[in-house]
Amino acid sequence: MQAEATAMNHSKRGGKILSAELLSGEQIQSAVQEVLAETLFIDIHTHLFSPAFGKLGLWGIDELLTYHYLEAEFFRSSNTTPDEYWKLSKRERADAIWQALFVETSPISEATRGIIAVLQAFDLPTDASALEEARKFFRTQSIEEHIRRVFQIAGVSNVVMTNDPLDLEERAVWLNGAQGHTNFHAALRLDRILWGWPAHWKQLASQGYAVDDKAPRKSIAEIRRFLADWTKRMRPVYMAVSLTDEFFYPDGSITSRILGEAVLPSCREFGLPMSLMIGVRRQVNPAIRLAGDAVGRADLRAVENLCRSFPENKFLVSALSRENQHELCVHARKFNNLMPFGCWWFLNNPSIVEEITRERIEMLGTSFIPQHSDARVLEQLIYKWRNTRRTLAPILANAYSLLRNDGRGISRQDIQRDVNRLFRSNFENWTGVLAR
Ligand code: FIX
Ligand code: ZN
């Protein structure tokens with residue numbers, strides 16, 4: 001009763017509680033929703049590009065419809081074979097996907113529902129005949145203004161890109177002095193170097209780095225020189241790699257050696273965290289290309305070994321398998337140089353995000369990063385972050401109600417501090433992203 005009385009006595013404006021006073025049960029729910037809506041998030045992992053990268057940055061309805069999440073669902077709901085599909089133009093593919101997933105059935109999957117949410121966000125029609133009007137709308141958008149509007153609607157202030165120094169198209173932009181962008185930050189993605197070395201060492205050799213296929217000690221020093229050059233060029237906020245479910249450390253492989261002897265020392269040298277995204281099974285069905293990757297349970301003792309062997313390094317870790325989530329939380333309780341982040345890819349579905357986030361709050365409090373969007377198309381920021389706010393509101397409110405029932409009241413300021421930590425300062429403190 002005391003908490004209720006106190007809550008009722010303090011100043012109010014427009015029904016929103018303004019003071020640090022303690023909230024009643026009902027007020028907690030609405031305060032959490034408001035604070036989540038008002039807090040601008042940092043999206044720590046996307047495949048978006050700033051305008052300086054031109055066509056590498058995907059946006060608009062045809063890109064939204066041909067997103068590999070929808071392609072995977074399309075091949076389940078259409079007799080079109082992958083071969084026939086890839087012969088179509090981007091527009092024809094988008095037409096086919098719209099017909100199969102938005103006309104011939106209800107778009108109730110997370111990915112298809114997302115498209116509807118984007119159309120609604122721009123006050124566009126969402127019925128089965130909406131495609132042409134959507135195309136007309138996106139044709140009239142200028143990219144800089146459109147980015148500002150999408151970030152504002154999505155409640156996002158900054159996104160981290162995925163930048164591959166061995167991608168020829170992207171590399172050309174960087175070598176021509178890619179214009180920085182206040183809202184887009186680089187991440188040095190090292191897949192082709194860490195697990196693609198046999199196929200890609202020649203690219204480094206052709207750029208003047210004295211390396212060879214066996215990556216002996218001499219090559220390790222040259223890889224570090226390569227990393228130093230690209231760190232100066234990209235000014236990344238972290239280095240990153242995605243790893244399969246078979247990844248282990250240490251295992252004597254070239255991946256293990258380059259990671260332990262070149263990448264992690266360079267991360268320490270430049271004060272950068274290492275992001276490990278673990279658990280993909282690549283191309284289990286190559287016929288459907290990007291949609292052809294799957295998931296496998298990984299042996300997270302690799303993460304345990306890395307955190308223990310490299311206490312000076314910081315590890316941002318996201319595991320793809322649902323079965324790895326609990327042990328990832330336990331490892332994070334053992335190693336404070338481990339920051340679990342995101343409900344990656346096949347986990348980015350509200351029912352699973354709920355399960356993972358509840359467990360993380362119970363085991364880690366606010367010392368984790370709940371989500372990243374993994375957006376490949378600009379407007380995906382809108383529905384991926386709307387889903388995250390919608391899913392997290394009741395989970396956070398429930399955690400605060402339990403705290404209140406156990407005898408400690410909660411104020412709006414407390415909620416603002418915690419939400420800011422979850423979606424901004426945990427990452428800012430680890431990367432100094434906005435201090436640069
Ligand atoms: O490795 C990654 O960064 C993955 O997120 C992507 O490869 C994947 O295709 C994707 O888009 C997941 O959402
Ligand atoms: Zn990704």
Side-chain angles (χ1 to χ4, degrees), residues 42-49 53 56-59 63-75 109-115 156 159-167 170 184-196 200 236-247 255 259 273-296 298 315-322 324 340-350 352-353 356 369-385 387-388 427:
I42 298 175
D43 192 341
I44 79 162
H45 173 62
T46 75
H47 297 268
L48 302 178
F49 287 94
F53 293 86
L56 285 172
L58 306 181
W59 60 285
E63 296 296 348
L64 286 168
L65 286 170
T66 53
Y67 178 39
H68 68 84
Y69 288 31
L70 278 91
E71 289 175 333
E73 295 174 29
F74 169 74
F75 289 119
S109 72
E110 190 268 346
T112 53
R113 197 165 33 79
I115 304 281
V156 166
V159 301
V160 180
M161 304 183 284
T162 295
N163 306 99
D164 179 351
L166 296 184
D167 175 279
E170 191 183 339
F184 288 77
H185 306 273
L188 184 50
R189 182 77 176 232
L190 302 172
D191 290 35
R192 296 188 208 216
I193 288 176
L194 276 167
W195 54 263
H200 296 286
V237 292
Y238 58 73
M239 295 191 190
V241 67
S242 79
L243 298 157
T244 71
D245 58 334
E246 287 159 10
F247 167 71
T255 300
L259 181 61
M274 182 65 195
S275 171
L276 305 172
M277 306 180 81
I278 307 173
V280 59
R281 289 174 56 71
R282 297 188 207 289
Q283 295 297 282
V284 297
N285 180 0
I288 58 176
R289 302 186 184 175
L290 264 182
D293 293 337
V295 58
F315 296 94
L316 290 160
V317 177
S318 202
L320 188 54
S321 167
R322 192 178 184 175
N324 278 141
F341 79 94
C343 303
W344 183 25
W345 202 345
F346 309 115
L347 299 173
N348 193 358
N349 294 295
I352 305 174
V353 171
I356 294 172
I369 298 171
Q371 189 58 297
H372 64 277
S373 73
D374 230 316
R376 281 181 174 272
V377 184
L378 178 68
E379 298 86 359
Q380 289 170 344
L381 293 174
I382 292 172
Y383 73 84
K384 288 182 185 254
W385 286 114
N387 285 345
T388 296
F427 186 66

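Remember, it's 1-based here, ligands and their atoms both numbered in the order they're listed.
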Problem - Side-chain ion pair, Asp164 and Arg189, N-O less than 4.0 Å - result: no

Handout entry: For His45, the ligand 1 atoms whose distance to one of its heavy atoms is below 4.0 Å
Key = 3 (O), 5 (O)

Exercise for the section: Assess the side chains of Trp345 and Asp293: does a donor N or O sit below 3.5 Å from an acceptor N or O? Expected result: no

Practice task
Give yes if a backbone or side-chain nitrogen or oxygen of Arg189 is under 3.5 Å from a nitrogen or oxygen of ligand 1, and no if not.
Solution key: yes

Exercise for the section: Look only at the side chain of Asn324 and the backbone of Ala319, and say whether a donor-acceptor pair between them is shorter than 3.5 Å. Expected result: no

Exercise for the section: Using distance alone, with no hydrogens and no angle criterion, decide if Gln371 and Asn348 have a side-chain donor and acceptor under 3.5 Å apart. Expected result: yes

Practice task
Report yes if Tyr69 has an N/O atom closer than 3.5 Å to an N/O atom of ligand 1; otherwise report no.
Solution key: yes

Handout entry: Numbering as shown, the atoms of ligand 1 that approach Ser242 to under 4.0 Å (heavy-atom distance)
Key = 1 (O)

Problem - Minimum-distance N/O/S atom that His47 presents toward the Zn ion (ligand 2) - result: NE2

Practice task
Take the angle between the ring planes of Tyr69 and Tyr67 and call it parallel below 30°, perpendicular above 60°, tilted in between.
Solution key: parallel

Problem - Exam field: side chain Asp191 to backbone Ser242, donor-acceptor pair closer than 3.5 Å - result: yes

Practice task
Go through the side-chain N and O atoms of Glu170 and Asn163 and say whether any donor and acceptor fall under 3.5 Å apart.
Solution key: yes

Exercise for the section: Specify which N/O/S atom of Asp374 comes nearest to the Zn ion (ligand 2), by atom name. Expected result: OD1

Practice task
For atom 10 (C) of ligand 1, find the nearest protein heavy atom and state the residue, atom name and distance (0.1 Å precision).
Solution key: His68 NE2, 3.4 Å

Handout entry: Residue, atom name and distance, where the atom is the protein heavy atom closest to atom 4 (C) of ligand 1
Key = Trp344 NE1, 3.6 Å

Exercise for the section: Give the residue, atom name and distance (to 0.1 Å) of the protein heavy atom nearest atom 6 (C) of ligand 1. Expected result: Arg376 NH2, 3.4 Å

